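Naming: A, B, ... by sequence-line order, numbering from 1 per chain. Remember, predicted model here, so these are calculated numbers, not experimental data.
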Amino acid sequence: PTPPEGETRPVFTLLLPPPNVTGSLHMGHMFEQTQMDVMVRWHRMRGFITLWLPGTDHAGIATQLMVERQLAKEGKKRRDLGREKFIERVWEWKRQYGGTITDQMKRLGASVDWDREYFTMDENLSRAVREVFVRLYEEGLIYRGKYIVNWCPRCETAISDLEVKHEEVAGKLWEIRYPVIGTNEFITVATTRPETMLGDTAVAVNENDERYKHFHGKKVLLPLMNREIPIITDELAQPEFGTGAVKVTPAHDPNDFQAGKRHNLAQIDIMDLNARMNQNAGPYAGLDRYEARKQVLTDLQEQGFLVREKDHTLALGKCDRCGTVVEPRLSEQWFLKIKPLADRAIEAVETGEITIVPENYKQIYLNWLRNIYDWCISRQLFWGHRIPAWTCSDCNEVIVARETPKKCKCGSEKLEQVADVLDTWFSSGLLPFTTLGWPEKTRDLNVFYPNLLMITGFDILFFWLARMVMFGCHFMQGHHQDPAIKKASGEGDKKNDSVPFRHVYIHALVRDADRQKMSKTKGNVVDPLDIIQRFGTDATRFTLAAMAAPGTDIAFNESRTEGYRAFANKIWNAARFMFMNVDRLQTNLRPGRTAEGGSSCKGIADFRAKTLEDRWILSRFNRVTKEVNNALESFRFHEAANRIYDFFWGEFCDWYLELIKPRLAEGADKTAAETACSNLVNLFDAYLRLLHPVMPFITEEIWQALHEGQTAQKSIALAAYPQPDEEQYDLPAETNMAILQDLIVSVRNLRAELKVEPKEKIPIEVFSHDAETGNLIQDGREAIERLANVKTISAVTESRARQVPSRSTARFDVHVIYERKIDVTAECERLKKELEKIEKGIASSQRQLGNEQFLAKAPANVVEGLRKQRQDLGVLQEKAQSKLAELGCG
RNA sequence: GGGCGGUUAGCUCAGCUGGUUAGAGCGCCUGCCUUACAAGCAGGAGGUCGCAGGUUCGAGUCCUGCACUGCCCACCA
């Protein structure tokens with residue numbers, strides 16, 4: 001719902017890049033949507049009013065292609081049906097299959113606002129498209145004209161420069177000689193498309209090219225066609241390239257078209273809309289362009305005009321949609337004068353009104369806009385937004401209007417709407433404002449425009465993103481977002497609200513495990529629904545988030561997902577452990593019943609830090625919370641995911657749960673058990689909230705069970721996202737915990753080495769280097785015994801470092817008492833390795849500490865740290881050496 | 001022809017603004033069904049950070065060149 005006037009909460013608006021109706025969900029969608037959903041949920045939980053607006057795109061060519069294929073099975077073409085019937089079929093198709101992708105989306109857990117779902121051909125959006133077109137036309141930014149455009153002979157339509165994909169192919173360059181009239185000489189031209197010679201209307205040479213000076217003003221006889229055409233001088237011909245003379249075909253080449261204009265040459269169109277030769281091609285009429293090429297070459301050869309053929313690699317332009325080789329074609333089209341719009345779009349990014357992350361895309365964006373050509377916006381398709389223009393059959397007047405005009409100004413009523421439709425991207429470029437009710441001045445626009453964020457892939461940086469900026473800045477000029485909301489959203493200082501979005505995050509592309517682009521034709525498409533089926537949505541989302549390092553394409557790898565399925569399982573089991581204890585203790589420990597109400601709290605509610613492990617985990621949780629929030633702030637999804645993962649598995653499960661077990665155990669002190677359990681519950685609750693944006697399903701399920709409807713919020717999605725409380729950082733607790741962990745690991749290590757029976761408890765002796773450590777170990781006695789499987793701990797007053805088997809750190813030496821002999825060779829080996837490492841460390845720290853420059857220039861804490869390290873290493877070195885001596889290692 | 005990335009453990013990848021002895025997951029080796037979890041637990045092996053220079057007290061991190069690789073852009077016949 002639209003927030004009313006007076007709303008002072010921040011607003012987060014995000015527009016879903018609308019998938020094509022024809023589409024089915026692929027990994028790229030899921031990747032993109034996972035990142036968006038993480039952002040949306042994160043903002044929502046932090047108290048933003050969020051709008052994530054979904055919709056689908058009518059996708060002109062793509063959709064038409066689908067229906068055409070259907071028709072082809074019935075042996076029909078679209079023109080057999082005619083526009084109206086055809087469009088009916090498309091709508092029919094849309095009704096039947098168009099929902100596929102949105103249905104699939106629902107399984108990703110994407111928390112979009114389905115109530116607002118739109119389709120780009122909806123009436124209100126179509127009306128906005130007409131409005132935009134008419135305004136641009138009235139402003140003189142849209143014009144119509146006969147130009148060379150990229151033409152797809154299969155789709156039978158013009159396409160924009162962006163829709164042409166160039167592909168390097170090994171082709172040929174043919175040299176053809178044209179007889180110069182009135183001489184015995186020939187002039188030789190080179191071409192990669194010999195069939196176009198049929199439409200030649202001149203031969204160009206460079207004015208300064210000495211070789212051809214004597215031909216100036218002469219004519220040649222065009223072979224095969226026996227047409228006289230002039231030799232012109234034009235910069236089109238560059239002396240260095242080929243023969244220095246070039247054939248000019250104004251109707252079939254953009255450069256030649258320009259040259260033709262300069263010299264007033266005739267334009268002879270020799271092809272039809274399917275790139276077959278027409279009557280103008282004389283005897284070649286009816287041939288397909290490649291058949292014609294073959295025939296032309298044969299004939300030239302026979303008649304002695306073909307000089308030679310050379311290998312030549314060329315960049316062949318192909319239709320992005322269907323792969324057919326594009327043919328430059330002269331035709332009447334509609335264009336958008338792009339420069340004025342581009343200038344403003346450049347400014348918006350240059351001045352920081354829009355920020356782009358990662359930053360290198362900023363340059364790419366700017367370069368493109370700086371070198372932009374007018375945009376051909378008309379398409380000769382049936383499916384799409386009809387161009388709101390009519391021509392009068394009596395006076396040829398063109399009328400551009402919002403609604404169908406009744407009659408022409410000449411009085412005639414014979415008006416016919418222009419057959420063309422608009423490029424799909426024309427309408428998608430308008431979505432940031434048209435989906436919010438434009439051209440009406442709606443409250444929605446007031447509140448939700450500009451979007452706070454735009455997340456999309458670089459593959460549509462130009463197609464879509466740049467156009468949204470151009471259109472947004474143009475049509476929303478003078479727009480002001482509700483100031484209270486703007487301020488609350490943290491954008492109070494940005495003056496201009498005409499931009500469609502304030503921040504852009506460009507995500508990477510998902511590739512297959514071999515880094516290949518996924519495509520249907522390659523057959524390497526990984527179906528996200530299949531992955532979800534096998535590993536679960538949460539695990540799949542987590543995989544994508546964890547791999548989403550900005551700027552780096554990701555190679556989707558199932559083994560990672562397998563690992564994150566295990567993670568989900570781990571969470572599940574930890575939750576079981578928690579519930580087990582809650583149930584057993586039979587107390588009101590649900591977080592929903594605590595004083596602070598659990599989830600409305602931005603940290604851990606009611607956490608009572610009684611013990612070292614409590615203080616430690618509280619401190620760690622807050623630090624991790626800080627790291628996660630920071631990471632999300634800068635779109636480092638992978639970092640957020642990894643912190644969340646490591647904390648839970650490596651700290652919470654591996655240590656905290658193990659450490660509190662005695663307190664929870666049967667027969668333990670009831671009050672202490674309840675405190676421990678309550679802490680556990682509240683910590684778990686907070687953790688679930690931290691994790692929720694990435695793994696919405698499992699967190700919701702456990703959270704619901706945890707709260708049992710006892711809380712004001714209906715869903716964890718509306719609970720508060722954890723925020724760090726730096727007061728709860730506890731460095732001493734973290735340091736001490738690390739010492740205990742070291743000790744426990746050392747003992748486990750020794751046990752493994754000595755191959756102590758797993759069940760056998762053994763006595764250990766610990767020498768502490770300082771009283772503090774001694775006390776710590778004394779206090780941690782129970783934990784050490786349990787987690788290291790130790791029988792007794794004796795504090796000794798003399799270092800046992802020399803004795804084998806033992807382990808040493810800078811704080812303690814630990815020696816296990818166990819009669820089995822160690823493997824001397826192996827132990828020597830290990831000690832030597834260890835010593836080597838230590839000495840390497842000593843050498844490097846020694847080198848630096850001996851360097852006056854270092855002491856003078858490095859920051860104090862670095863120097864201090866290094867000194868400390870040097871000292872510790874010295875101690876360890878000595879210990880290792882004496883052990884080696886004791887063992888008598890060679 | 002321009003531009004942008006990547007090159008770190010067997011595999012897939014982290015390593016943000018240069019600062020202690022470079023990390024994770026998977027895989028591998030050893031041992032464990034320890035009453036939340038064998039999708040698990042404990043321990044372990046494994047890297048001269050693509051190559052060559054340079055800047056710096058200090059470089060996986062910054063600069064230059066090279067190699068390999070991927071991508072984007074481009075109306076030279």
Colleague: So A/F567 and A/Y645, would you call those rings parallel, tilted or perpendicular, with 30° and 60° as cut-offs?
Modeller: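 Because their plane-to-plane angle lies in the 30° to 60° range, the rings of A/F567 and A/Y645 count as tilted.
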
Colleague: A/M580 has a side chain; which of B/rG43, B/rC75, B/rA36 sits nearest to it?
Modeller: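 Among B/rG43, B/rC75, B/rA36, the one nearest the side chain of A/M580 is B/rA36.
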
Colleague: Base, sugar-phosphate, or nothing for A/R636, non-hydrogen atoms under 4.0 angstrom?
Modeller: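 A/R636: base contact, heavy atoms under 4.0 Å.
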
Colleague: Report, as yes or no, whether the 6.0 Å neighbourhood of atom CZ on A/R811 holds more than 12 heavy atoms from other residues, nucleotides or ligands.
Modeller: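 For A/R811, atom CZ is not crowded (no more than 12 foreign heavy atoms under 6.0 Å).
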
Colleague: Mark yes or no for whether A/T243, through its side chain, and A/T188, through its backbone, hold a donor-acceptor pair below 3.5 Å.
Modeller: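 Yes; judged by distance alone, with no hydrogens or angles, the pair exists.
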
Colleague: Considering every strand and a 4.0 Å limit on heavy-atom distances, what is the contact class for A/K570: base, sugar-phosphate, or nothing?
Modeller: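 A/K570: base contact, heavy atoms under 4.0 Å.
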
Colleague: Applying a 4.0 Å non-hydrogen cut-off, can you work out what A/G244 is touching in the nucleic acid: base, sugar-phosphate, or nothing?
Modeller: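 The residue A/G244 makes base contact.
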
Colleague: Between A/D374 (side chain) and A/F335 (backbone), is there a donor-acceptor pair under 3.5 Å?
Modeller: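 Such a contact is absent between A/D374 side chain and A/F335 backbone.
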
Colleague: Between B/rC72 and B/rC66, how far is it from one P atom to the other, in whole Å?
Modeller: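 Their P atoms lie roughly 24 Å apart.
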
Colleague: Go ahead and name the base partner of B/rG53; Watson-Crick or wobble counts if both distances stay under 3.5 Å, otherwise write none.
Modeller: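 Per the H-bond distance test, B/rC63.
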
Colleague: Can you tell me how far C1' in B/rG46 sits from the matching atom in B/rA52, rounded to whole Å?
Modeller: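 To the nearest whole Å, 27 Å.
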
Colleague: Regarding A/N569, tell me which of base, sugar-phosphate or nothing describes its non-hydrogen contacts under 4.0 Å with the strands shown.
Modeller: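 Counting heavy atoms under 4.0 Å across all strands, the contact made by A/N569 includes a base.
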
Colleague: Does the plane of the ring in A/F637 sit parallel, tilted or perpendicular to the ring in A/F635? Use 30° and 60° as the thresholds.
Modeller: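 If you compare the ring of A/F637 with that of A/F635, the planes turn out tilted.
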
Colleague: Heavy-atom count around A/K165 NZ within 6.0 Å, excluding the residue itself: above 12?
Modeller: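 Buried by this count: over 12 neighbours within 6.0 Å.
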
Colleague: Where along residues 652-662 of chain A does a heavy atom come under 4.0 Å from RNA chain B, residue by residue in number order?
Modeller: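 Listed by number, they are A/C653, A/D654, A/L657, A/E658, A/K661.
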
Colleague: Tell me whether the side-chain N/O atoms of A/W572 come closer than 4.0 Å to OP1 or OP2 in B/rG40.
Modeller: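 Checking A/W572 against B/rG40: no side-chain N or O falls below 4.0 Å of OP1 or OP2.
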
Colleague: Looking only at side-chain atoms of A/V246, point me to the closest of B/rA77, B/rA36, B/rC4.
Modeller: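 Looking only at heavy atoms from C-beta outward on A/V246, the closest nucleotide is B/rA77.
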
Colleague: In whole Å, measure the gap between the P atoms of B/rC49 and B/rA77 for me.
Modeller: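 45 Å, rounded to whole Å.
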
Colleague: What integer number of Å spans the P atoms of B/rU64 and B/rC28?
Modeller: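 After rounding to an integer number of Å, I get 43 Å for this pair.
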
Colleague: With sugar-phosphate meaning primed atoms plus P, OP1 and OP2, does A/V745 contact a base, only sugar-phosphate, or nothing at under 4.0 Å between heavy atoms?
Modeller: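 Contact class for A/V745: sugar-phosphate only.
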
Colleague: Does a side-chain N or O of A/K833 approach OP1 or OP2 of B/rG46 to a distance below 4.0 Å, or not?
Modeller: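 Checking A/K833 against B/rG46: at least one side-chain N or O falls below 4.0 Å of OP1 or OP2.
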
Colleague: Please give the nucleotide sitting opposite B/rG10 as a Watson-Crick or G-U wobble pair, both distances under 3.5 Å, or none.
Modeller: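 When the pairing criteria are applied, B/rC26 turns out to be the nucleotide that pairs with B/rG10.
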
Colleague: Under 4.0 angstrom, heavy atoms only, what part of the nucleic acid is A/F567 near: base, sugar-phosphate, or nothing?
Modeller: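 The answer is nothing, as A/F567 stays clear of every strand by at least 4.0 Å.
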
Colleague: Please tell me if A/H638 has a side-chain N or O lying less than 4.0 Å from either OP1 or OP2 of B/rG15.
Modeller: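 Checking B/rG15 against A/H638, a side-chain N or O does come within under 4.0 Å of OP1 or OP2.
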
Colleague: Run the side chain to side chain contact (heavy atoms under 4.5 Å, CB included) test on A/Y656 and A/E651 for me, step by step, so that the C-alpha distance in whole Å, both residues' side-chain angles and the decisive distance to 0.1 Å come before the verdict.
Modeller: CA-CA 6 Å; A/Y656 187 70; A/E651 303 190 281; over 6 Å; no

Colleague: Between the protein and nucleotides 17-20 of chain B, are there any N/O to N/O pairs under 3.5 Å, and if so, what are the atom names and distances?
Modeller:
from, atom 1, to, atom 2, distance (Å)
B/rG19, N2, A/Q848, OE1, 3.1
B/rU20, O2', A/Q869, OE1, 2.4
B/rU20, O2', A/Q869, NE2, 2.4
B/rU20, O2, A/Q869, OE1, 2.9

Colleague: Counting the benzene-type ring for Trp, do A/Y365 and A/Y361 have ring centres under 6.0 Å apart?
Modeller: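 No, the ring of A/Y365 stays outside the 6.0 Å limit from the ring of A/Y361, centre to centre.
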
Colleague: Touch check for A/W174, heavy atoms < 4.0 angstrom, all strands: base, sugar-phosphate only, or nothing?
Modeller: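 The answer is nothing, as A/W174 stays clear of every strand by at least 4.0 Å.
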
Colleague: Should the side chain of A/Y361 and the base of B/rC4 be counted as holding a donor-acceptor pair, with the cut-off at 3.5 Å?
Modeller: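 No such pair is found, so the answer is no.
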
Colleague: Is there a salt bridge (charged side-chain N to carboxylate O under 4.0 Å, His left out) between A/E753 and A/R830? Walk through the geometry before answering.
Modeller: CA-CA 10 Å; A/E753 212 152 286; A/R830 192 192 66 78; 3.3 Å; yes

Colleague: By nearest atom, which of the nucleotides B/rC41, B/rC75, B/rA36 is closest to the A/A574 side chain?
Modeller: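 For A/A574, the side-chain atoms sit closest to B/rA36.
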
Colleague: Which nucleotide in the set B/rG43, B/rA77, B/rA45 lies at the smallest distance from any side-chain heavy atom of A/R748?
Modeller: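 Within the option list, the nearest is B/rG43.
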
Colleague: Under 4.0 Å, heavy atoms only, any strand: does A/K362 hit a base, just the sugar-phosphate, or nothing?
Modeller: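 If one applies the 4.0 Å heavy-atom cut-off, A/K362 turns out to touch nothing in the nucleic acid.
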
Colleague: Looking for any heavy atom pair under 4.0 Å, which part of the strands does A/I842 touch: base, sugar-phosphate only, or nothing?
Modeller: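 No contact.
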
Colleague: State whether A/N371 places a side-chain N or O below 4.0 Å from either non-bridging phosphate oxygen (OP1 or OP2) of B/rC73.
Modeller: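 No, outside the criterion.
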
Colleague: In whole Å, measure the gap between the P atoms of B/rA59 and B/rA14 for me.
Modeller: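 The same atom, P, in both gives a distance of 24 Å.
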
Colleague: Could you tell me the Watson-Crick or G-U partner of B/rC71, where both distances fall under 3.5 Å? Say none if there is no partner.
Modeller: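 By the stated definition (distances under 3.5 Å), B/rG3 pairs with B/rC71.
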
Colleague: Just checking A/A237: base, sugar-phosphate only, or nothing, at a heavy-atom cut-off of under 4.0 Å?
Modeller: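 Counting heavy atoms under 4.0 Å across all strands, the contact made by A/A237 includes a base.
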
Colleague: For B/rA9 versus B/rG44, give the span between their C1' atoms, rounded off to a whole number of Å.
Modeller: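 Their C1' atoms lie roughly 14 Å apart.
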
Colleague: With P as the reference atom in both, quote the distance from B/rC26 to B/rU69 in angstrom, rounded to an integer.
Modeller: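 It works out to 32 Å between them.
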
Colleague: How would you list, by chain and number, every residue that makes a side-chain hydrogen bond (donor to acceptor under 3.5 Å, both in side chains) with A/D320, sequence neighbours excluded?
Modeller: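 With sequence neighbours excluded, A/D320 shows a side-chain hydrogen bond (donor to acceptor under 3.5 Å, both in side chains) to no residue whatsoever.
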
Colleague: Between A/R262 and A/D234, does any NZ, NE, NH1 or NH2 come within less than 4.0 Å of an OD or OE carboxylate oxygen?
Modeller: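 Yes, charged N to carboxylate O under 4.0 Å.
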
Colleague: A/N573 side chain: which of B/rA36, B/rG40, B/rA14 is closest?
Modeller: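 Nucleotide nearest to A/N573's side chain: B/rA36.
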
Colleague: Say you pick atom P in B/rC16 and the same atom in B/rC63; how far apart are they, in whole Å?
Modeller: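 Their P atoms lie roughly 13 Å apart.
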
Colleague: Using the side-chain heavy atoms of A/H166, tell me which of these nucleotides is nearest: B/rC32, B/rA77, B/rC75.
Modeller: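 When the side chain of A/H166 is considered, B/rC75 is the closest of B/rC32, B/rA77, B/rC75.
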
Colleague: How are the rings of A/F462 and A/W368 set relative to one another: parallel (under 30°), tilted (30 to 60°) or perpendicular (over 60°)?
Modeller: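 Parallel, since the angle between the ring planes stays under 30°.
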
Colleague: Taking the six-membered ring of A/F577 as reference, does the NZ or CZ atom of A/K661 fall below 6.0 Å from its centre and within a 45° cone about the axis?
Modeller: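 Yes, a cation-pi geometry holds between A/K661 and A/F577.
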
Colleague: Of the nucleotides B/rA14, B/rG46, B/rA39, which one has an atom closest to the side chain of A/R565?
Modeller: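 Selected nucleotide (nearest to the side chain): B/rA39.
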
Colleague: A/T192 side chain: which of B/rA77, B/rG5, B/rC72 is closest?
Modeller: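 Among B/rA77, B/rG5, B/rC72, the one nearest the side chain of A/T192 is B/rA77.
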
Colleague: Which nucleotide, if any, forms a Watson-Crick or G-U wobble pair with B/rC32, using both distances under 3.5 Å?
Modeller: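 When the pairing criteria are applied, B/rG40 turns out to be the nucleotide that pairs with B/rC32.
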
